[in-house]
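Structure record follows, encoded as structure tokens.
Here the structure is a predicted model, which means the values were calculated and not measured. Throughout, residue positions are numbered sequentially from 1 according to the sequence presented.
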Amino acid sequence: MEPLSPTFTIDLRRLTVLRELQRRGSLARTAEALHLTPSAVSQQLAALARELGVPLTERDGRGVRLTGQARVLLTHADVIAAQLERARSDLAAYGEGGRGSVTLGCFSSGILGLLPTALRALRERLPGLRVDVVEAEPPDLFTALDGGQADVAVAVDFAAAPPHTDPRYSRTDLLTDVLDVALPSDHPLAGLAEVPLRELARDPWIVGSGSSCCGAVTRSVCAAAGFTPEIRHAVNDWAALAGLVEAGQGVALVPRLVRSLYASRALALRPAEGEPPTRNVFVAVRAGAESDPVLAAVREELSRCPGVRPWSPRPVGDRVGVRSCGTGSPPPAAPAVRAARASPRP
């Protein structure tokens, strides 16, 4: 390597590749995330190393790992990226914002339960703003945010999401989404006001893929209840999951953000006994972009969306129904069943 030049410059596109390598951990996964070939990623990193005059990667078996110099550079890369976002925010504020377009990435149940209210409010507040919605989850959602393919990320905290302390993002917690138990209407526990999760250890489960937020959360909730679920069906579509539960193919955990999909279904939706399983929903933008007037408006309207309040079980004759806390009529009660353990609680 040549000595570090006092007048060196950094190609920000190559710096983005290095940041993605830090996130993904391998050339192959970095190439996939950036829609490049592994060879192109290697060339970008080699060019950046020559540009700086320091080694950035070293061999690690069949892969590579970051050098100490690369990790020093990455601490500055986060600051550089945030400052560029602040510059863009200042320019947007100068033009008073309110026009242009915003791409918002969000998980599927958030699109159903959060975005309609926020998008209606944004249309009234900023009629000249175009909002494009993309269904995505971490880590791909934050790769898109880093690369500018998304401007706002709405996500759930789980293993694939960035930590709260990640300096690359400015984040705001939105709500705590409760997960309820979905049972076939003739399930022995469907007549209970609250379902003990541990008693579902021998049931077949319907769970999203392990890489999805709800799939990961369901697995961790079951582990916390003391068992590993027998996953009979793996689906990420909430309507399909409801159909499988309704057909008696298994049990599932369902977020209250999608409760409107289940109002007309012939299945039992019950709170879990004890402390309810939950997931944290948050919104994030790139660090430095929080002062962008348009992005600030998007985050503000998302934060105004009604939170998810607990449902109140109530007896309906010899059946147990679930009263919705939202507007409109309550969903129909589950068909009459005999409780396996106890009578429904009032």
Side-chain angles (χ1 to χ4, degrees), residues 104-120 133-138 141 153-158 161 173-185 187 190 195 197 200 205-222 229 231 233-247 249-272 276-283 302 305-313 321-334:
L104 192 157
C106 186
F107 58 104
S108 61
S109 49
I111 292 174
L112 177 67
L114 283 176
L115 295 197
T117 300
L119 293 178
R120 281 194 295 268
V133 175
V134 177
E135 182 181 339
E137 294 185 7
L141 173 55
V154 180
V156 170
D157 271 317
F158 70 112
D173 290 334
L174 293 178
L175 59 90
T176 298
D177 188 21
V178 176
L179 302 174
D180 289 310
V181 182
L183 305 165
S185 58
H187 191 282
V195 175
L197 285 176
L200 299 175
W205 280 74
I206 307 165
V207 177
S209 66
S211 61
S212 69
C213 62
C214 248
V217 170
T218 296
R219 287 169 173 82
S220 65
V221 166
C222 290
I231 299 173
H233 306 284
V235 295
N236 289 327
D237 180 86
W238 293 110
L241 184 146
L244 289 171
V245 173
E246 193 174 31
Q249 296 302 299
V251 300
L253 289 179
V254 176
R256 291 185 181 173
L257 279 174
V258 299
R259 61 180 176 263
S260 61
L261 283 179
Y262 292 75
S264 60
R265 293 283 189 173
L267 52 79
L269 205 57
R270 300 289 180 263
T278 61
R279 56 183 191 165
N280 183 58
V281 180
F282 67 96
V283 58
L302 283 167
C305 290
V308 180
R309 293 173 291 168
W311 289 6
S312 301
V322 177
R323 184 168 62 246
S324 169
C325 65
T327 58
S329 302

L302 and L174, any side-chain heavy atoms less than 4.5 Å apart: yes
Heavy-atom pair of closest approach, residues R265 and A242: NE-CB, 3.7 Å
Side chain to side chain donor-acceptor pair (under 3.5 Å) assessment of R279 paired with S220: CA-CA 11 Å; R279 56 183 191 165; S220 65; over 6 Å; no
Where P184 and V251 come nearest, the two heavy atoms and their spacing: CD-CG1, 4.1 Å
Pairwise side-chain contact, L241 with H233, heavy-atom cut-off 4.5 Å (strictly under): no
Spatial distance of atom OG (S109) from atom CG (L114) [nearest 0.5 Å]: 8.0 Å
Electrostatic pair R256-D180, nearest N-O below 4.0 angstrom: yes
Derivation of the side chain to side chain donor-acceptor pair (under 3.5 Å) call for W205 and T218: CA-CA 10 Å; W205 280 74; T218 296; over 6 Å; no
Heavy-atom check, side chain of L269 versus side chain of V181, under 4.5 Å: no
Side-chain donor or acceptor of E246 paired with backbone N/O of A266 under 3.5 Å: yes
Within-4.5 Å side-chain heavy-atom neighbours: L183 and L267: no
Side chain to side chain, L104 and V134, heavy atoms closer than 4.5 Å: no
Stepwise side chain to side chain contact (heavy atoms under 4.5 Å, CB included) test for V133 and L119: CA-CA 10 Å; V133 175; L119 293 178; 4.1 Å; yes
Spacing of SG belonging to C305 relative to CZ belonging to R120, to within rounding of 0.5 Å: 9.0 Å
Between CG on residue L141 and SG on residue C106, distance to nearest 0.5 Å: 8.5 Å
Side chains of S260 and L112 in contact at under 4.5 Å (non-hydrogen atoms): yes
Student check: side-chain heavy atoms of C214 and N236 closer than 4.5 Å: no
Closest non-hydrogen atom pair between V217 and T278, with its separation: CG1-O, 4.4 Å
Donor-acceptor contact below 3.5 Å, side chain E135 vs main chain F107: no
Shortest non-hydrogen separation from S185 to A190 and the atoms involved: O-CB, 3.8 Å
Interatomic distance, L175 atom CG to F282 atom CZ [nearest 0.5 angstrom]: 12.0 Å
pair N280-V156: side-chain heavy atoms closer than 4.5 Å: no
Under 3.5 Å donor-acceptor, R259 side chain and P255 backbone: no
Distance, nearest 0.5 Å, that separates CG of D157 from SG of C213: 10.5 Å
Residue pair Y262 / W238: nearest heavy atoms and the distance that separates them: OH-O, 3.1 Å
